[in-house]
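Given the structure is predicted, the values throughout are model-derived calculations rather than measurements.
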Amino acid sequence: ILSAKESRVTVTPNPFTNRSTFNLAHPSSQVLVRILDNTGKLVKTIQSSIVTDKIYWDGSADNGKPVQSGVYFYFLTSDKEQTKGKIIKR
């Protein structure tokens, strides 16, 4: 598994308004993205069990409601890499 330093995941656009895409450098069959707000509260979990190189976030929380504008932190883990970063919702 590639570390965060070795990972080549990009998030576009960032900042975003309606939808952001996590672009994985290595297609993976097991992807988990956890998105936390600036207090550390988990607001969204996105999982994929099909081979993919893209994961989409529509800016909603797990309850289906849109999250507020602000800074969020993501933790992405797949069978090929793991990384973390910051994403901004406008």
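- Annotation: side chain to side chain donor-acceptor pair (under 3.5 Å) contacts of Thr12 (sequence neighbours excluded): Asn23.
- No chain of hydrophobic side-chain contacts below 4.5 Å, direct or via other Ile, Leu, Val, Met, Phe, Trp or Tyr residues, connects Val9 to Phe73.
- Atoms CG and OG1, on Asn14 and Thr21 in that order, are 11.0 Å from each other to the nearest 0.5 Å.
- Annotation: the span from Gln30 atom CD to Thr52 atom OG1 amounts to 12.0 Å, rounded to 0.5 Å.
- Of all heavy-atom pairs spanning Val31 and Ile55, the tightest one is CG1-CG1, 3.7 Å.
- Between Phe22 atom CZ and Ile35 atom CD1 the span is 4.5 Å, to the nearest 0.5 Å.
- When hydrophobic clusters are built by joining Ile, Leu, Val, Met, Phe, Trp and Tyr residues whose side-chain heavy atoms come closer than 4.5 Å, directly or via intermediates, Val43 is grouped together with Val11.
- Partners of Pro15 by side chain to side chain contact (heavy atoms under 4.5 Å, CB included), not counting sequence neighbours, listed by chain and number: Ile88, Arg90.
- The closest donor-acceptor contact from the side chain of Lys89 to the backbone of Val67 lies under 3.5 Å.
- When all heavy atoms of His26 and Glu81 are compared, the pair lying nearest together is N-OE2, 3.7 Å.
- The closest side-chain heavy-atom distance from Ser60 to Lys65 is not below 4.5 Å.
- For an aromatic pair to be called close, the ring centres must be under 6.0 Å apart, and Trp57 with Tyr74 fails this.
- Of the inter-residue distances, the one linking Asn18 atom CG with Asp58 atom CG reads 9.5 Å to the nearest 0.5 angstrom.
- Of all heavy-atom pairs between Ser20 and Pro13, the closest is OG-O, 3.0 Å.
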Original post:
Could you go step by step and tell me if Tyr56 and Ile46 meet the side-chain contact (heavy atoms from CB on, under 4.5 Å) rule?
Top reply: CA-CA 8 Å; Tyr56 302 98; Ile46 306 167; over 6 Å; no
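- Rounded to the nearest 0.5 Å, atoms CZ (Arg8) and NZ (Lys80) are 14.0 Å apart.
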**OP:** Starting from the C-alpha separation in whole Å, work towards a yes-or-no answer on side-chain contact (heavy atoms from CB on, under 4.5 Å) for Leu36 and Phe75.
**Re:** CA-CA 8 Å; Leu36 289 73; Phe75 296 86; 3.7 Å; yes
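- Contact of the Thr45 side chain with the Asp62 side chain is registered, since non-hydrogen atoms from C-beta on lie closer than 4.5 Å.
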